[in-house]
Number of protein chains: 4
Amino acid sequence: MSTTAVRPLRADAVRNRALIVDAARRLFAERGLDVTLHDVAEAAGVGVGTVYRRFPDKDALLSGLVAAKYETLVELAERAAEEPTGRSALRSYLLGAMELRASDRALSSAVLQAAPQTAEAAELRETLHGLVEAVVDRARAEGVVREGFTGEDVPAVTSMIGSIADRSRDELPGAWRRYGVLLVDAVCPPEGSLAPLPGAPLPPFTATTCLAAPS
Amino acid sequence: MSTTAVRPLRADAVRNRALIVDAARRLFAERGLDVTLHDVAEAAGVGVGTVYRRFPDKDALLSGLVAAKYETLVELAERAAEEPTGRSALRSYLLGAMELRASDRALSSAVLQAAPQTAEAAELRETLHGLVEAVVDRARAEGVVREGFTGEDVPAVTSMIGSIADRSRDELPGAWRRYGVLLVDAVCPPEGSLAPLPGAPLPPFTATTCLAAPS
Amino acid sequence: MSTTAVRPLRADAVRNRALIVDAARRLFAERGLDVTLHDVAEAAGVGVGTVYRRFPDKDALLSGLVAAKYETLVELAERAAEEPTGRSALRSYLLGAMELRASDRALSSAVLQAAPQTAEAAELRETLHGLVEAVVDRARAEGVVREGFTGEDVPAVTSMIGSIADRSRDELPGAWRRYGVLLVDAVCPPEGSLAPLPGAPLPPFTATTCLAAPS
Amino acid sequence: MSTTAVRPLRADAVRNRALIVDAARRLFAERGLDVTLHDVAEAAGVGVGTVYRRFPDKDALLSGLVAAKYETLVELAERAAEEPTGRSALRSYLLGAMELRASDRALSSAVLQAAPQTAEAAELRETLHGLVEAVVDRARAEGVVREGFTGEDVPAVTSMIGSIADRSRDELPGAWRRYGVLLVDAVCPPEGSLAPLPGAPLPPFTATTCLAAPS
DNA sequence: CATGAATGAGCGTTCATTCAT
DNA sequence: AATGAATGAACGCTCATTCAT
């Protein structure tokens, strides 16, 4: 009763918050960590102050985005768990996580490994970790995982793909897949024999791209 | 000739240029892309103006470092070529290039793929490319290379390791090797059966590290 | 009458105004002029907008506090008038006014001398002035007032103590009394001979305090 | 020799530094501690960056000004020491220090009591303290100092005058003297009998003045 | 009428780049 | 040629004030 009574006042605030989060997600995904909050505010169509009203500082805004990413990964892991075999579950989770990371210049990588700053993120992180561990364990039980590889190695694998994706996103958006396959096969080979690497080698980048690129 | 008349002046200039490049390499390797040019100038023992005289801007300085890196890689490829088998040649080159990248916070990755801006760098790049291609071809002739993998894929592989190394350098300097082995084995498996991955999974990073981290 | 119709609404308004004034007084007294109006609103349990409805701007709010201070001073002067001698009346009023000023980081001094902006304050000011003048005149009639000193000098004397009190409040809350005695004795010496100054000299302030401090 | 060789390069830098210090002194004196460094830069006719080149931050700039003030006070104390009697020495030092404080809205008060942040300021402070102590002691030996008053009380006395001066500077620049005399007489009465207070009581201030005023 | 979300100029500070010396 | 002083746009962030709800 009383809960519904307080909500209505925030109608536009809620809309603005969504605007900000959307703009931030887009901008961070496109341009990495060095977008300014003025940029975010402008893209969201609000004043800077409004951004600061919702998020105490830049890190908080990023942390806010982290939780959303965790949620997506949790869903991904849950869907992967429904795969018929451990092998296909692991392979599909890895490729899915790479896909997510590749679509986001600066955030996903942080998300995958960020020490939780909020209780919400901490909880999601734990949940995710458990699910991923289960996926890897199941595949290992089938004897199809590279010896020594554990659920804790997953973020590193995703992170590596991120560095490729960040560099090639603008010119060749899907180029990272060639290396994604290389890595997934290295962790958990497909049934049958290895196929040739898909796609083509990454061409050398322009200097501009290199310096602007995060890593 | 007027050329002889200007030489003496160049002596200083050449020395200064070397000083700047050395300082820049060291600083960028240690602290990443966000060192200021004042830092570089100070470390080189020259004024900022001198840095700008040699390199039109910060990007140009970074590009300038490329050539130096190419030289090291060329040497590495030449030594690798002396290995008894194509397999060991490729594996040792890959690990060596990773090692080089891992020792340099922000630069090597750019170096490896930067479109050459100077004639000198262009030449070195061509040389390097030829040597690496030869190393990969030789291993492929032995049938020990992942199908589809070419010399042009090498920079991408090194780049991926860079992202791991940059994140773990401070706390666990050698942590990248676990993933280096994973990748090298994926590209060119060792003789005999695969050993378990060395080392331990990368622990989650602190939030600070994540946000400050380049990618 | 429409007046009776609007009264009920005023009831809230009056209560809110009082809430705001109380909160503002407390906050300004504790933390000086740099409290934000959000702080005031929060402490008062109202929205910022409500503060602005009652007081056109921050200055007006401060001026609003004046009236309340005047009331206290009027009471003080009335109690002083009941003292047996002019000397003790003046001395006790001065010390009391100093005490009041010392208990309030940033406001009282302004209060004591602010040109009245409201009719209410103007009236109180007149009343206070008359009472203080009477206290001083009575003491002068006894021949115990520094020649030339008038009731109009009282605010200046109080103001001087404020500057000491503001600087030493946090570390040595009563330290101003040493100088209060010096001043009161200068204006109206005690019966008998001068006692030594009480307390100890103010120690030098830390730099931080100095820069943060108002004057 | 070599010292003179390095100086010449800084010819304009020295000029700019002086420009900045002058502007800062003037602005701080006029408007108190809340002038921005942009204001200072503009008044000095230089860019903000130049101010930051000379002074790491706002506090450092203020501290820089402190040293200059100490020097003036040291000179003042030295001249006072040449007075024929302890009484006239003390009285002239007190009035001189008040004069200095009265001419400077926000700085002198800090100067008089700031915990030294630089070695230079610390040294000057010590020197000043010794000189002032000597002046007070000499007067005390003559039996003309209020019992209990010490050299360490001097900054408090000056500070009190500052609060008056800051409030009346714009309308009645010399108005503080009336209270300066009151205080000096309280600390160290003149030869013969007390004269009437000079000047007239301070008129009540406008509200604007009050709020803008530091304390 | 009360609310608190929104605003944006302004703060202290940094740093790539220019240019007088 | 070399220097380093100067520049000023831009950063992350604050807060007095306005206005839609």
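Numbers restart at 1 for each chain; the letters A, B, ... are given by sequence-line order, proteins then strands. We use all heavy atoms of the structure for the numbers below, so side chains are in, but hydrogens, waters and symmetry mates are not.
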> What's the CD1-C1' distance between A:Ile20 and E:dA5, to the nearest Å?
Replying inline: 10 Å
> So which nucleotide from E:dA5, F:dA16, E:dG12 ends up closest to the side chain of D:Tyr52?
Replying inline: E:dG12
> Among all residues two or more places apart in sequence or in another chain, which pass the side-chain hydrogen bond (donor to acceptor under 3.5 Å, both in side chains) test with C:Asp57?
Replying inline: none
Between the protein and nucleotides 8-11 of chain F, are there any N/O to N/O pairs under 3.5 Å, and if so, what are the atom names and distances?
{"from": "F:dG8", "atom 1": "N7", "to": "D:Gly49", "atom 2": "N", "distance (Å)": "3.4"}

>> Show me the dot-bracket string of DNA chain E, counting Watson-Crick or G-U pairs under 3.5 Å, with | for pairs to another strand and [ ] for crossing ones.
In response: .||||||||||||||||||||
>> On the nucleotide F:dA1, are OP1 or OP2 found under 4.0 Å from the side-chain N or O atoms that B:Asn16 carries?
In response: no
> How close or far is atom P of E:dT3 from atom CG of A:Asp12, stated in whole angstroms?
Replying inline: 17 Å
> E:dT14 C1' sits how many Å from D:Phe55 CZ, rounded?
Replying inline: 18 Å
> Quick one: CG on A:Asp34 to NZ on A:Lys58, what's the gap to the nearest 0.5 Å?
Replying inline: 6.5 Å
> Closest heavy-atom contact between A:Val35 and A:Leu27?
Replying inline: CG1-O, 3.7 Å
>> Going by side chain to side chain contact (heavy atoms under 4.5 Å, CB included), name the residues that satisfy it together with C:Ala23, two or more places apart in sequence or in a different chain.
In response: C:Arg26, C:Ala43, C:Ala44
>> Taking side chain to side chain contact (heavy atoms under 4.5 Å, CB included) as the definition, give me every residue that meets it alongside A:Tyr52, ordered by chain and number, with sequence neighbours left out.
In response: A:Leu37, A:Val48
>> Let me spell it out: for each of C:Arg54 and A:Gly45, pick the nucleotide of DNA chain E with the closest heavy atom. Which residue's pick is nearer the 5' end?
In response: C:Arg54
>> So, using side chain to side chain contact (heavy atoms under 4.5 Å, CB included) as the criterion, who are the partners of C:Arg53 when residues are at least two apart?
In response: none
>> Expressed as a whole number of angstroms, how long is the span from B:Leu61:CG to E:dT17:C1'?
In response: 14 Å
>> If the test is side chain to side chain contact (heavy atoms under 4.5 Å, CB included), which one of A:Ile20, A:Val46, A:Val21 qualifies with A:Val40?
In response: A:Ile20
> Can A:Asp22 and A:Arg25 be counted as an ion pair, charged N to O under 4.0 angstrom?
Replying inline: yes
> In whole angstrom, what separates A:Arg17's CZ from E:dA6's P?
Replying inline: 11 Å
>> From CG of A:Leu27 over to C1' of F:dG12, roughly how many Å is that when rounded to an integer?
In response: 16 Å
> Whole Å only: how far is the CG atom of D:Leu62 from the C1' atom of E:dG12?
Replying inline: 13 Å
> To the nearest 0.5 Å, how far apart are CZ in C:Arg17 and CZ in C:Arg54?
Replying inline: 8.0 Å
> Taking for each residue the nucleotide of DNA chain F with the nearest heavy atom, is it B:Arg53 or A:Pro56 whose nucleotide lies nearer the 5' end?
Replying inline: B:Arg53
